[in-house]
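The model shown is predicted, which means the values in this text are computed figures rather than measured ones. In what follows, every chain begins at residue 1, and chains take the letters A, B, ... in the order their sequences are listed.
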Amino acid sequence: MLQVPFIRENKDLVITRLAKRNFDASQIIEEVITFDEARKQIQTELDNTLAESNAISKEIGMLYKSGQAEKANVLKAKTSDLKETSKELSEKLNAKTEALTDLLYKIPNVPHESVPKGNSDEDNEEIFKEGTIPTLHEGAMPHWELAKKYDIIDFELGNKITGAGFPVYKGKGARLQRALIAYFLDKNTEAGYTEYQLPHLVNEASCYGTGQLPDKEGQMYHDSRDDLYLIPTAEVPGTNIFRDVILNENELPIGITGYTPCFRREAGSYGAHVRGLNRLHQFDKVEIIRVEHPDNSYNAFNGMIEHVQNILRELNLPYRILRLCGGDTGFPSAMTYDFEVFSTAQDRWLEISSVSNFENYQANRLKLRFKNSEGKNELAHTLNGSSLALPRVLAGILENYQTEDGIVIPEALVPYTGFNIIN
RNA sequence: GGAGAAAUGGCAGAGUGGUCGAAUGCGGCAGUCUUGAAAACUGUUGAGGGUCACACCUCCGGGGGUUCGAAUCCCUCUUUCUCCGCCA
């Protein structure tokens, strides 16, 4: 969430930048400032009351020690009023603080100045495109038909075991999936990220830390018995490593990577756009997460973009990069670039990675700080990105690499699959 | 799942009703000494609110209670350790 002093000092900027998301902040910002003023005033009153009663208590102690019990009893009588007052004030303070926090939770992150204004994915800007779109043979198929033809993914079986959106990978399909995970992890660790294996269930505090709660409650699977959530992305357990942490400046930057399955309830649409691997309730993803010094976070962001580009180049998939407009940028993100791979058989672009800089928005929730050169605690910046999400990469490979003889495995993956064609 | 013990600052570890935001040691930082380093010595070293800066307030696992006053007493939850049971 945003910091109140930042809002107070940059009202106009906050309002104009949030307008890029079509978020009218003018009123809520005034409310935040008013609430904060009120909070401070109550806090001061409470502090004064407590100071007074602390002083009296101390005096009573000394009087007892010197055997002046009567005088002490006189003072005791005085404290009951103070107690009453401080109780009322602290209730008021709690209510105010809670109301303020609720307001802050409702304000999304301020987009970076380069983020274009816009409402939906139609307003995203294509900023880069690379790779050749292959010309497919007669009778080329979308991946869900290929999956059936070669018997590598069984959607109906997943349907039987669990329900829609839980595919079963079989044989070479399963092996290819495992190969991709290993390949991505290797690429990420070569680039300096430390590999982690993270829990797939997280508690409520972690969901608040990264911002899935309170705004995305319905999108996560929730075990109410133990009050745990199935992770929608490795971002949640990965970033929460740093909740309530104060780092030394020289520990920055930190880069971690992890493979996890991801679970999303996604009340979505139906039809061709969600067919096959396009949209799932359970899918695999390899994530990269960075904790950065604020001065370096956009540098690091560019580094992450290049990193993902390198992988896509090596896989020789046609892709493009989009700069998301304000309206399409995630709630806690200041800037997001999406990667899309071209699915030749479906004749459409599929999102395969999303790289975001959260600046200090998550860090403020997480209380993730570092000791800066002045010895002061300062919020760090957090970033993350998919490197990469499996299903649509798999869809892209199946569709773009299909030949009349079968599906050719990209060269970089052959050492991981142990075979070079699915037929 | 059953029985018992425990949770204190970066770490270790004292503290059982007032003078305790908390001894001491280690670690960190700064300085003295040294050509430099080590050692030794001196100082400093938790977080949040608040203030121009002080003052002041809150925090000893979380929540609640007793008391004029709680790290210390009571209740409750969570976690950790030991023993038993079960088990990939």
Side-chain angles (χ1 to χ4, degrees), chain A residues 1-9 32-105 197 199-209 213 223-229 237 240-252 254 261 291 360 362-380:
Chain A
M1 57 188 160
L2 300 178
Q3 299 177 96
V4 178
F6 175 82
I7 294 176
R8 204 187 304 121
E9 286 155 30
V32 165
I33 293 169
T34 319
F35 273 54
D36 191 51
E37 292 296 327
R39 195 210 93 232
K40 273 194 214 172
Q41 205 185 326
I42 299 167
Q43 177 83 258
T44 308
E45 264 178 77
L46 174 63
D47 285 358
N48 290 339
T49 313
L50 290 173
E52 200 177 330
S53 73
N54 285 348
I56 291 176
S57 293
K58 218 169 244 183
E59 212 175 319
I60 289 173
M62 291 199 289
L63 287 172
Y64 271 124
K65 244 181 201 160
S66 55
Q68 305 179 69
E70 268 177 46
K71 275 191 185 171
N73 285 330
V74 176
L75 283 178
K76 264 197 205 179
K78 264 173 82 177
T79 58
S80 66
D81 272 358
L82 289 172
K83 244 182 147 179
E84 192 66 30
T85 319
S86 67
K87 200 175 172 187
E88 279 169 27
L89 284 171
S90 74
E91 273 166 20
K92 259 167 97 177
L93 181 66
N94 287 342
K96 220 15 131 188
T97 310
E98 209 174 299
L100 179 60
T101 309
D102 284 347
L103 277 182
L104 289 171
Y105 276 149
Q197 281 200 12
H200 299 168
L201 280 86
V202 291
N203 59 28
E204 200 182 41
S206 291
C207 295
Y208 274 98
L213 290 178
D223 166 24
S224 56
R225 194 164 167 160
D226 292 312
D227 201 16
L228 295 172
Y229 294 82
N240 272 281
I241 293 172
F242 304 101
R243 174 151 49 87
D244 293 319
V245 165
I246 300 174
L247 297 160
N248 288 319
E249 195 169 20
N250 61 19
E251 291 178 81
L252 299 173
I254 295 172
V291 181
N360 66 19
Q362 279 184 334
N364 191 31
R365 285 194 180 189
L366 292 161
K367 296 203 171 52
L368 161 55
R369 291 157 293 175
F370 69 98
K371 282 232 181 292
N372 66 20
S373 47
E374 287 163 17
K376 294 235 169 79
N377 293 330
E378 185 178 340
L379 293 173

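Partners of A/D227 by side chain to side chain donor-acceptor pair (under 3.5 Å), not counting sequence neighbours, listed by chain and number: A/H222. In this view, A/E251 and A/L247, A/N248 satisfy the side chain to side chain contact (heavy atoms under 4.5 Å, CB included) rule, not counting sequence neighbours. Residues passing the side chain to side chain contact (heavy atoms under 4.5 Å, CB included) test with A/A205 are A/N203, A/R243, sequence neighbours excluded. Under the side chain to side chain donor-acceptor pair (under 3.5 Å) criterion, A/Y208 pairs with no residue, sequence neighbours left out. Partners of A/E59 according to the side chain to side chain contact (heavy atoms under 4.5 Å, CB included) rule, which considers only residues two or more places apart in sequence or in another chain, are A/L75.
Between B/C86 and B/U78, the two P atoms lie 25 Å apart (nearest whole Å). B/G65 sits 12 Å from B/A70 when the P atoms are compared, rounded to a whole Å.
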### Task
Summarise protein proximity over nucleotides 65-79 of chain B in one line of letters, 5' to 3': B for base, S for sugar-phosphate only, - for none, counting protein heavy atoms closer than 4.0 Å.
---BS----------
### Sugar-phosphate or base contact per nucleotide [nucleotides 51-58 of chain B; S, B, -; heavy atom under 4.0 Å]
-----SSS
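Formation of a donor-acceptor pair under 3.5 Å by the A/N372 side chain with backbone atoms of A/K376 is found in this model.
Applying the salt bridge (charged side-chain N to carboxylate O under 4.0 Å, His left out) test to residues at least two apart or on different chains, none of the pairs has a partner in residues 77-99 of chain A. Within the structure, side chain to side chain donor-acceptor pair (under 3.5 Å) contacts touching residues 34-53 of chain A (residues at least two apart or in different chains) are A/R8-A/D36, A/D36-A/R39.
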